[in-house]
Amino acid sequence: MIESSDFQTARIPLNQGSGHIPALGFGTLIADAAATITATRDALDAGFRHFDCAERYRNEHEVGEALQAGLAAGAIAREEIFVTTKLWNTNHRPERVEPAFLASLERLRLNYLDLYLIHTPFAFQAGDDQDPRDQNGNVLYDRGVTLLDTWRAMENLVDRGRCRSIGLSDITLKGLLHIYESARIKPAVVQVEAHPYLPEPELLEFCREKGIVFLAFAPLGHGIRPGPLEDPVISAIAARVDKTPAQVLLAWAVQRGTALLTTPRSAARARENFNISALPQDAFDPINRIQIRQRLNNVVNTGAPGFIPRVSA
Ligand SMILES: NC(=O)c1ccc[n+]([C@@H]2O[C@H](COP(=O)([O-])OP(=O)(O)OC[C@H]3O[C@@H](n4cnc5c(N)ncnc54)[C@H](OP(=O)(O)O)[C@@H]3O)[C@@H](O)[C@H]2O)c1
């Protein structure tokens with residue numbers, strides 16, 4: 001599935017059109033606006049070419065600013081980068097999909113998007129409040145719209161030509177199957193939490209069979225310690241192959257055929273996380289045998305994100 005043995009430039013083919021997605025992606029879930037700009041520039045300078053954004057991260061404007069400046073400074077063409085953003089839960093009603101998409105494009109200063117994802121399968125009450133709750137603090141869901149209704153509106157965006165591929169995030173295999181079977185345009189990418197403590201083998205196998213790119217978020221376990229970064233198997237392999245634990249975890253993700261998103265927040269970490277290469281088989285196999293199972297982000301169960309910056313809109 002991975003086209004190149006060079007992990008830094010590896011690209012995975014997409015099932016829609018003739019496009020490819022870089023295996024290594026930079027995630028922009030960063031709380032601080034100024035830090036978003038510097039981290040995005042540092043990632044571009046380190047070599048990252050996939051930038052994963054979201055309406056919900058409330059920093060598309062800053063990412064757009066950093067990308068525009070970085071592309072100009074590095075003489076990098078728009079076609080050389082791959083930009084993803086996501087439709088938030090409060091915009092699932094079909095008539096809200098295109099306006100949300102166009103607003104993201106404008107904030108990102110782009111005239112087309114490489115990939116648009118439905119951020120979670122949960123529709124929240126439509127409106128400007130991204131986190132609608134009742135007086136007891138419970139999320140207000142919108143029962144009047146199905147995921148398939150929203151998917152049809154996403155398909156229309158592809159037809160109109162400013163969105164090259166569409167996909168889903170925080171979805172289970174069962175949920176993906178339902179959309180896959182009914183879709184006119186099949187999902188190109190599925191973005192879910194995955195790391196050695198949550199390898200999601202059934203979902204990965206289904207994606208392999210159908211040519212859907214499995215895009216792993218939290219490949220470093222969101223940096224939570226203790227967690228995969230401090231796992232003794234990972235530490236021992238890192239020492240043996242003379243890489244850092246982060247580099248081992250990221251290499252494992254690419255080697256098993258997934259694309260990934262990581263969020264280094266300094267130039268040094270951007271270079272570290274980009275500088276990965278294939279693991280020898282006797283280093284790769286023990287990671288597959290890790291028995292610990294742990295989901296770190298509950299968003300897949302509720303649609304309410306666990307890691308969203310608390311900044312004003
Ligand atoms: N679809 C969804 O619902 C969803 C949910 C979450 C995330 N995402 C996407 O996935 C992206 C990736 O986020 P993530 O949390 O999954 O990223 P991650 O790279 O797994 O974890 C980021 C954390 O790891 C630490 N870190 C980064 N590089 C490191 C290194 N070389 N050594 C040690 N620690 C390191 C960072 O520490 P510092 O804080 O010290 O820099 C940060 O705390 C997000 O930006 C977002 O685009 C999507």
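Order of appearance sets the numbers: ligands from 1, and atoms from 1 within every ligand.
If you look at A54 next to ligand 1, there are no close heavy atoms at all, none under 4.0 Å. Proximity of T120 to ligand 1, defined as any heavy-atom pair under 4.0 Å, is not found for any part of the residue. With a 4.0 Å heavy-atom cut-off, ligand 1 is reached by the side chain of L229 but not by its N, CA, C or O.
When each atom of ligand 1 is checked for a heavy atom of T262 under 4.0 Å away, the hits are 19 (O). Residue S169 approaches ligand 1 through these ligand atoms, each under 4.0 Å from one of its heavy atoms: 1 (N), 2 (C). Those atoms of ligand 1 with a heavy atom of A246 less than 4.0 angstrom away are 30 (C), 31 (N), 32 (N).
Relative to atom 2 (C) of ligand 1, the option among D170, N297, L117 with the closest non-hydrogen atom is D170. The residue from Q191, R271, R265 that puts a heavy atom closest to atom 39 (O) of ligand 1 is R265. Taking all heavy atoms of Q247, H222, E230, R269 into account, the minimum distance to atom 14 (P) of ligand 1 is reached by H222.
Taking the six-membered ring where the residue is Trp, F124 and W88 present perpendicular rings, their angle passing 60° and hence far from 30°.
Applying the salt bridge (Lys or Arg N to Asp or Glu O under 4.0 Å) test to residues at least two apart or on different chains, the pairs with a partner in residues 64-82 are R78-D114.
Aromatic pair Y141/H92: centroids not less than 6.0 angstrom apart.
Between K86 and ligand 1, a contact under 3.5 Å exists for no N or O pair.
Using modelled atom types, no side-chain atom of Q130 and backbone atom of D128 make a donor-acceptor pair closer than 3.5 Å.
Rounded to the nearest 0.5 Å, atoms OG1 (T244) and CG (L249) are 8.5 Å apart.
For Y197, there are no ring-ring contact (aromatic ring centres under 6.0 Å, His included) partners at least two apart in sequence or on another chain.
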